[in-house]
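One structure, as structure tokens, below. Some questions next.
Keep in mind the model is a prediction, meaning the values are calculated, not measured.
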Amino acid sequence: MAKRIVCFGDSWTYGSDLVDPALVPVLEKEGHSVQDAEYKYFHKNLPYREEHRYSNILQKELGIPVDNLSEQGDSLIGMRVKFIEWMHQQPQDCSDTLVIFATTAHERYSFYSAKDKQWLHSGYLQYGGMHHPLVDHWKRHLVHSSSPELHDYTLLDFVMTSRALCKEHNMSWIYAPVFPAHSHGSITDEFVTDWSMVDICQQRAMEGHKVWAWGEHPNELGHQFIAKYLISFMKERTLIQ
């Protein structure tokens, strides 16, 4: 049984669009929209976002530590790097640990910048959020290399690598796809969730619940539904008590 959980993922796991209501009047007074909260008041909004994202709800409901190592716009490459770096700091036997991989769109890509000494993600290129001397070069790379075969290989590589590391360290794991269109294909694994996170929220929205924040991410209620589903999934497979 898991005594701690570690979460990896993209903006859904990160808690993007979760904005402290107390900041909204301040933003409006300064002529900013709610979308600017993460950039104008990152540190003030941080406690609220961390409290209301699904990883913290899991911690409250299960009464065990839950670490969140997600990043906005992350790719499977970026998630794998974070997971391997985290693994290097762990003991050989992690049988008390459950890892939840909220697998993102596998066409996303990450580039390592030796100058910046960090990984930069293609999502920032897509939305114009990156100003870097190599941006044009990276865009050309994405255009000319993008293909279903590469995307499928990226997913397969991520799953096989992360699963092998989990087995080596006696850890439990779950793959929880964010997007329904990005299934795990021929990868058969007992611990791939039946529903994607988008599916969970869409289903609740069809039932009349308001689960979406201002952008394309779940709001506080949406995160509650995701946490509830994950808890049910984990209990069915006796990963937690």
Side-chain angles (χ1 to χ4, degrees), residues 6-17 54 68-87 99-114 116 118-130 132 134-168 171 173-203 215-218 222 226 229-230 233:
V6 183
C7 298
F8 295 87
D10 60 9
S11 53
W12 280 59
T13 306
Y14 179 83
S16 292
D17 298 355
Y54 70 80
N68 189 318
L69 302 180
S70 61
E71 182 183 357
Q72 294 187 90
D74 211 351
S75 68
L76 292 175
I77 297 171
M79 289 169 59
R80 181 177 60 185
V81 170
K82 291 179 181 64
F83 178 55
I84 292 174
E85 290 177 345
W86 175 82
M87 284 295 309
V99 184
I100 300 178
F101 300 102
T103 50
T104 187
H106 44 282
E107 65 266 24
R108 289 182 176 178
Y109 204 82
S110 294
F111 304 88
Y112 185 76
S113 170
D116 303 303
Q118 64 176 327
W119 290 86
L120 304 174
H121 309 308
S122 62
Y124 299 137
L125 299 178
Q126 179 181 355
Y127 297 106
M130 185 189 299
H132 194 281
L134 294 176
V135 162
D136 289 339
H137 171 76
W138 289 334
K139 286 182 178 179
R140 287 193 296 271
H141 171 82
L142 291 172
V143 169
H144 293 295
S145 66
S146 180
S147 67
E149 293 80 7
L150 176 61
H151 302 161
D152 290 343
Y153 170 79
T154 301
L155 177 62
L156 179 63
D157 182 49
F158 173 79
V159 171
M160 292 184 69
T161 301
S162 56
R163 187 166 57 191
L165 284 171
C166 285
K167 287 184 176 181
E168 181 182 343
M171 289 189 296
W173 66 88
I174 291 175
Y175 296 107
V178 170
F179 304 108
H182 302 93
S183 68
H184 287 67
S186 60
I187 300 172
T188 56
D189 197 309
E190 180 183 358
F191 302 116
V192 178
T193 59
D194 303 313
W195 288 58
S196 72
M197 293 187 183
V198 171
D199 286 331
I200 295 167
C201 290
Q202 291 282 31
Q203 178 63 36
E216 299 179 349
H217 298 97
I226 291 172
Y229 174 81
L230 289 174
F233 184 88

> Heavy-atom distance under 4.5 Å between the side chains of Glu168 and Met87, does that happen here?
Replying inline: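 A side-chain contact is absent here, since even the closest heavy-atom pair is not under 4.5 Å.
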>> Are Arg108 and Leu76 packed together at the side-chain level, in the sense that at least one heavy-atom pair is separated by less than 4.5 angstrom?
In response: no
> Can you name the nearest heavy-atom pair linking Ser11 to His217, along with the distance?
Replying inline: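 The pair with the smallest heavy-atom distance is OG-NE2, 2.7 Å.
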> Taking C-beta and beyond as the side chain, do Met197 and Pro218 meet within less than 4.5 Å on heavy atoms?
Replying inline: no
>> Using every non-hydrogen atom in the two residues, find where Thr104 and Phe179 come nearest and quote the distance to one decimal.
In response: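 That closest heavy-atom pairing would be OG1-CE1, 3.8 Å.
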> When rounded to the nearest 0.5 angstrom, what distance separates OG1 in Thr161 from CG in Leu156?
Replying inline: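 Answer for the OG1-CG pair, Thr161 versus Leu156, is 8.5 Å.
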>> Checking Trp12 against Cys201 for the side-chain contact (heavy atoms from CB on, under 4.5 Å) test, could you report, in this order, the C-alpha distance in whole Å, the side-chain angles of both residues, the deciding distance, and whether it holds?
In response: CA-CA 11 Å; Trp12 280 59; Cys201 290; 4.0 Å; yes
> Can you find a side-chain donor-acceptor pair between Thr193 and Tyr229 that sits under 3.5 Å?
Replying inline: no
> Near Tyr112 OH, under 6.0 Å, is it more than 12 heavy atoms from other residues, nucleotides or ligands?
Replying inline: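 Count over threshold, so yes.
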> Which heavy-atom pair separates Gln72 from Ser16 by the least distance, and what is that distance?
Replying inline: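 It is OE1-OG, 2.8 Å.
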> What are the two closest non-hydrogen atoms of Tyr14 and Glu71, and how far apart are they?
Replying inline: CD1-CA, 4.3 Å
>> Show the nearest heavy-atom pair for residues Asp74 and Gly9, with the distance to one decimal.
In response: CB-O, 3.8 Å
>> Are Tyr175 and Arg163 packed together at the side-chain level, in the sense that at least one heavy-atom pair is separated by less than 4.5 angstrom?
In response: yes
> How many angstroms lie between atom CG of Leu165 and atom CE of Met160, to the nearest 0.5 angstrom?
Replying inline: 12.0 Å
> How close do Thr103 and Pro177 get, heavy atom to heavy atom, and via which atoms?
Replying inline: OG1-CA, 3.2 Å
> Is the backbone N or O of Gly78 less than 3.5 Å from a side-chain atom of Ser75, with the two atoms forming a donor-acceptor pair by type?
Replying inline: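 Yes.
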> When rounded to the nearest 0.5 angstrom, what distance separates CD1 in Ile100 from OG in Ser70?
Replying inline: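 Rounded to the nearest 0.5 Å, the CD1-OG separation comes to 12.0 Å.
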> Does some side-chain heavy atom of Lys167 sit less than 4.5 Å from a side-chain heavy atom of Trp173?
Replying inline: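 Trp173 reaches Lys167 side chain to side chain.
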>> Using only atom types and a distance under 3.5 Å, with no angle test, would you say the side chain of Ser162 pairs donor to acceptor with the backbone of Val159?
In response: yes
>> Once you measure the plane-to-plane angle for Phe101 and Phe83, does it fall in the parallel (<30°), tilted (30-60°) or perpendicular (>60°) bin?
In response: perpendicular
> Between Tyr109 and Ile77, does a side-chain contact (heavy atoms from CB on, under 4.5 Å) hold up when you go through it step by step?
Replying inline: CA-CA 7 Å; Tyr109 204 82; Ile77 297 171; 3.8 Å; yes
>> Rounded at 0.5 Å granularity, tell me how far CE in Met79 sits from OG1 in Thr13.
In response: 7.0 Å
